[in-house]
Each structure stands twice: as structure tokens, then as C-alpha cells.
Amino acid sequence: QKIYLADYTPPTYLVEHVDLTFRLAPKNTRVLARIRFVPNPAATSRDFFLHGELLTLINASIDGTPVTPTLVEGGLSCDVPDAPFTWESEVEIAPIENTALDGLYMSDGMYCTQCEAEGFRRITYYPDRPDVMAPFTVRIESDLPVLLSNGNPADRGADFAVWHDPWPKPSYLFALVAGNLVAKRGSFDTMSGKHVDLAVWTRPADAAKADFAVGALQRAMKWDEDVYGREYDLDVFNIVAVSDFNSGAMENKGLNIFNTAAVLASPDTATDLDYERVEGVIAHEYFHNWTGNRITCRDWFQLSLKEGLTVFRDQQFTGDLHGHATKRIRDVIKLRARQFREDNGPLAHNVRPESFVEISNFYTGTIYEKGAEVIRMLRTLVGPEAYAKALDLYFARHDGQAATIEDWLQVFVDATGRDLTQFKRWYSQAGTPRVAVTEDYTDGTLTLTLRQTTPPTPGQTDKQPLVIPVAVGLLNPNGDEVVPTTVLELTGAEQTFTFSGLASRPVASVLRGFSAPVILQREQSAEELAFLMAHDTDSFVRWDSGRALACQVLVSMVRDHAAPLPAYLDAIAATLADETLDPALRAFVLDLPSEESTAQTLFDLGATPEPDAIHDAHEALKNHLAEHMVTLLPQVYAACQINEAYTPDAAQAGKRALANAVLNLISRNDGGATAEMQFTASNNMTLSLGALHSLLDVGQGRAELAAFAQRWADDRLVIDKWFSLQVSLAAPRRLLAVLTDLTGLESFDWKNPNRFRAVFGAITSNPAGFHQADGSVYRLMADWLIRLDSANPWTASRLSAAFDGWRRYDKARQGLMRAQIERIAKTPAISREMAEMVGRMLG
Ligand code: ARG
Ligand code: ZN
């Protein structure tokens, strides 16, 4: 049942108002709906269809007269007047049995909801599509102490609460929470002087971990006013932390629901990265209030309209608050790991897909992160002022609407006069473009030739040239910048750009700030890369040159069993010793490419990646680095010790990141002695986990792992870290045994998505373990995916992407992986979500 963007038709009836009453009970919740429908003048038919799944219909009426609708797969249809009417229905649902965590479900005795994308149809019969927007009034009947829904509180009694949300919204933004919760409170006065009460709700045991979230929310609200002129529009803003949650968080109007992992933080349980992520996700969900809620998507093909834009906004926010250089590097690492992998395999799809079976399979790196990159490029091309003007126009023109990518681009056309016809291909063409760079220098003129190609992706064989902004700068041989950052617009398949009047042959710094989501193909000598690492003014290119060099070194270590280039080792040492450089940036230079990315690089070079050999090369390189810098490492380590009390700010976090990175190499020289001391002395999770990581990396840490498990036995989020560390750092040959042990533990609560992901999501960071030649880990993974799929298709199907790279490997491994993917596909009662994923992987 594939659906197509091209088949879009407007809804036949619009909704004027929704009244819902919930009589909560775990096994038999009753949902009463009273919905005012009006014919849509823009519609071409008067067929009346309401979505509904897993609902028991008790009764229904139209304008007070009982009706007997026709129940069909996925909903009901009914004869209705060609005029406004009131639909009433009562249905029964069983939240306690909802293990899919989609719709109304229970977690730790509390009721909560997740409706995006199509969960509302599991709550009541409704036109569950984003272009039907309506104000909601919700009455919750329950004797639980805290009863929450969207909008503003309207009434409260001993065993009921009424909420009213005046802003028309699609059903996917509906939310309800009921439970025994406590609040951390705060407030925010908006730029026009409106007072907003803020609350972050948690289980009582987690109360102390909610303070940071309140502050983060206030920072996000302020930033959105200052930078985008966006003001909050209700009297209250509630956030609820839930232990069982499929994704990170959800932007329900006025009532955001969060995975505990994306909202709770305290120094002894959360790492610096967790803090940054929590603040970033809170900002992301808050920013959705305008980019997603006030302006929503016409249909789910437009998902990137809200997600790409909101990711871009949260990236800007984190960069503004904590530094753009480190934020950009982190984002590019993530993009390459998650989105490039997707774009280069069988799951590649457009930023705006043209068809799908299950929209839930499209909450992907492409929709989110590549979508954000496309907006970043647009901003680079038009400039920040024109971008701001276009955004103002977007908010003014489309407030209260369900919009499309065309609407989005049109505001840029109207605000800037630019023709975006070619640029629009970024939305309709999948695959990661390759940009080959060659240079020629004659008589004071440098000619850069840029050639773009995009490899074919499933269902899309010929690719058109894209508009690619390539930010370039030139350095002279003593390291001074002779041409500052200039954005070249590559629009043709091949184009040349010249820089004249140069006194000597310059070194070109290309793709500064990672100005486009492309793979650069450029022959660069080790000397030139080391030069850029040392001298470029652009911190991204400085870092990426180190990456490119590390990549070259790793490839030659794997393919030719070469020793690492001395030039590389010296360049790393020089960077590490450079005290003028931000410690966070120095830490990144030690962050080697992942084994996964080396595998992809080898594959792109026409080789068949051999996971064990890649793993060995990575280990050997780390050992070489440790040996090469044997005296420098302890000096750097000593210099980044912190004596003040813990704060998660960028300055301290940078020092800890460097300490942990250096510790990892030191452990190869001292057998883990320093790491043991760090573990014992640490009073924060960043240093504890860093120490544990280093110990496991050198085959130590048994006692520390046990002590850690005991100390944190009651803290699920910390125990998740304990699980995932053991999986990602297991010696490849031991991974199967580690997985068998961990999944046999009573604490392996596999129905909890965080716990399942802690184990099976971590497998991808241990490719040599995953790709054990006997196929044993493939089989175990498939067994568990099949099991999870029967309870929770959303989480199971996205983890199945672990198999997406199967065609890259040797014939034997291909066969073993393919057999497991086929076994999943042939499992009776496999979910539609999973069926679509494995079908796409098989191609
Ligand atoms: N819209 C949410 C977010 O920001 C994600 C929803 C994911 N879907 C889900 N079924 N949990 O970004
Ligand atoms: Zn989002």
C-alpha cells in the first residue's frame, strides 16, 4: 500500500472544533469525541472517511441521530450531510496493552501519548492527516494527581481536568499525560510582556534532574525571540519526561513529551555531551512551536519542511550558545555517519520522498540532517539578511497553515528575486554528490576546476547537476590568508573558477565550514593536509584536513600494511601541543574516523572492506599515536585537569573532552593505570565514563564495570550507558558472548526502547564484532529484531538499518546478511514498517 505525493487530494471535510473526553483506565479507557465537521470548499468529493486503528467502536451519531458506520481496514466511512454537522463517537482502547508506544500508552503507571505521525487514529476516529487543523478541548477523567493536555488549563476538579487549546492544530500534535508526577517550575516573560508558566514533569525520583531542562527551555524561548522574532503563544508550557519513548522527544502543542534520556541531566549521571544534547532537544521541540505547529506540513511527504528547518534552527542555537566551530564539527560527524551512510545505500531517499508505505520509516538522517543542510546552503547562497527577510515572510504568510516545500521556497523567491528552480533539486534528488577538485597554477593565477556527480540511488538513475555552494579560501605558503572565504556557486556538471594576482602558488582551503553536504574528491599530499591542519583560518577545514589525512593513513595501513606516515603523527602531535587552540578542537583531532567510515572509504575506492583488518588498523594507529606522543600526552592530560566545581559549559567540557581523548592513548602506554585513577577520583559522569571507556579499550575495567553497575543499579539512563559501552567496545570475537550475557540479564528490559537501543543500537559502532565471519551476530540481531517487531515496530524497523550496508562486503558475508534480512521478511505477521525496510534493503 504505497502512497504517492502526486496523489494528494485536499480533505473532503474540515474540522471546526474537537471536544474529547477521556475516562482513563488501563484496560478499558473510553474516549468520547464530539467533532464539528464542515464541507471543504476546496475538495472534489464528499466521501467521508475517518482513520481508526485498534479501536472498539461503542456508538456513533450524527447531529444526535445514531448511525452505523461502515468499518473498513484502517478506519470507517459513513453517509454524511453535504453541510456542517456534529459527529459524536465513543470508543474503547487498552493503553496498558499498547507496547508499540504509539497512540495512548502507559509507562511506569503513567498515561502518555505519541501521535506523530499517525498515532491519533489509535485514540479515536478522526481525519488523522496534518492538513486538518482544529482547536481542541480535552476533558480528562482520572483520580491520578497530574492531568495534562495541550493548550491552557480551563477547569479542574477532584477527579477531572479540562484543557483548551485555542490554536488550530493537526491531530499529530495532540497529547495527554496523567500520572503521579512532580514539577520543576519556572517562568518566562515574553517580548510583548506575556507571562508564561513553565514546568518540567518527572517521576518523583527524578525531580533533581529536571533543573537543567527548565533553564534550557528559558534559553531557547529567549533565543527564538532574539534571532527569529518568534514569541510563545500560550499561558503555560509543559514538558513531561517518560522512560518508555520511541524517539527523542515530541513537540505536542504546549505539552512536549520527552524521552527521559533527552531531558534529564545531573553532573553525576549525564555527560557533557548529554547536557548539550538535552539543551539542543529542548530547543528543537520548543522551536517546533513555530516551525511545525503554527506552520505545519500539508502531508507527510513535506516532513522535512518542519524537521529540516527545526534542526537547522537548533544547530544555530547550540552554536550561538556554545561555539560554532565545535558544533559544526559534531554535526558533520553525525551527518556523515548517519546520513551519508543512508544516502549511499539501499535506503537512500529524497529530502522530500515521493512515495512511501510507512511514514514512520522516514524519520531519518536525510529528512532531518540533510534537510537542515539544504536550508543552511540556502542561507549561504542568499546571505543572512535575505534569509531573515524570507523567514519573516514565511511566518507572516503561512501562519495557521499546512504548508509545502514549494511554499517554503517561494518565500525565498519573493524575498530575494532568486530563481530556485535548480536549487529545488536538493529536495527531489537522493544521493550524496561527489565534488572533484583539481587545481592549476600559472603566472599568478589559480584555476580551480570543480566537477560534480551524484551516484545513482534506488529508483533514480540519472542525476542532474545541483546548486552547490563551495566556500573557498586561499593561503600563501607561510600560512597567511591571501583570499578570504569566498562562496563559489557550482551549478554545472563542471566549472572553473580563477583567482588571479597571486604572488605565489597558494594552498586552497575548500569546503570551508562544510558549506555543502557533499563528498570532496581531491588529491592532496600529506604535507598539504598537515599545512591546512596547522594554518587554515577555518576551524572546520583544519579539523577535516586531519580527518582526510587519517583516512589516507588508515587506508594504506589496511591495504598495504603500511606504517602510519610520520607526517601524520607529527601533525597530530603539533595540533595537540598547540595551546592557543581551543581544547575542544584539539580533542576532535584525536577522534579518528570510525571503522565504519574507513569501510565506506575503502568501498568507494573499489575495495571490499574487511572488518577485522580495519579494526586492527585502527587499533594499530592508536598504538602508534600513543607511542609517538609518549611524553606529550601526560603533559596535555595534566594541563586539562579542572579544579573548580563541575559545570557543563563549553570551556570545562572542552577540557574534559581533551582529557578523555588523551587518556585513551595514555592507557595504551600505561595499561590503564591513569584511567583507573580517573575513574576513582571522578565526581562526574563525563570523566567516569571516559575512564571506563579507556579501560575497556585496553581489555581492563572488569572491577570498574561491576562497581559502576552496582552504584547506578537504580538509574536506568546510566545503566543504559553501561550496556552500550560493553557492546560498542567488546573485542570483536567476544561480541556474541557479550550480547548473550547482556540480553540474559534481568535488567535487559527489551520492551524499553532505550534499553533495547543501548544494546542493539550500539552494535553498529562495533562493525568488526557485528560482521563476525560465521554470521553469528547477524543471526542474533535478526532474532531480536523479529522479537521486538512483534511488540514495537517503530523501534525495531529503524534498528534494522544495521543491515543496510550488506552489499559492501564479501560474497560470504553478503550471503549471511541477506539470509537474515530474508528471514525477517518472511516472518509471519511482520509489521508493515519492518516489511518496508527489509524490502528496500533487498531492493
Ligand atoms: N517530531 C518529533 C521530533 O522532533 C519526532 C517524532 C518521532 N516519531 C515518533 N513516532 N516518535 O523531532
Ligand atoms: Zn523535530
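Fair warning: this is a prediction, and the values are worked out from it, not measured in the lab. As the structure lists them, so they are numbered: ligands from 1, and atoms in each ligand from 1.
Although no hydrogens or angles enter the test, the distance criterion places a donor-acceptor pair under 3.5 Å between the side chain of His288 and the main chain of Thr291.
At least one N/O/S atom of Glu307, whether from backbone or side chain, sits less than 2.8 Å from the Zn ion (ligand 2).
In summary, the aromatic rings of Tyr232 and Phe237 are positioned with their centroids under 6.0 Å apart.
Here the angle at the Zn ion (ligand 2) defined by NE2 in His284 and NE2 in His288 stands at 100°, rounded to 10 degrees.
Among residues at least two apart or in separate chains, salt bridge (Lys or Arg N to Asp or Glu O under 4.0 Å) pairs with a member in residues 247-260 are Asp233-Lys253, Glu251-Lys306.
Remark: Glu231 pairs with no residue by the salt bridge (charged side-chain N to carboxylate O under 4.0 Å, His left out) rule, at least two apart or across chains. For Thr326, there are no side chain to side chain donor-acceptor pair (under 3.5 Å) partners at least two apart in sequence or on another chain.
Judged by distance alone, the side chains of Asp224 and Trp290 never bring a donor and an acceptor atom under 3.5 Å apart.
The 4.0 Å heavy-atom shell around ligand 1 contains residues Gln114, Glu116, Ser247, Ala249, Met250, Glu251, His284, Glu285, His288, Lys306, Glu307, Tyr363, Tyr368, Trp794, ordered by chain and number.
Distance CG/Asp343 to NZ/Lys370: 4.0 Å, rounded to 0.5 Å.
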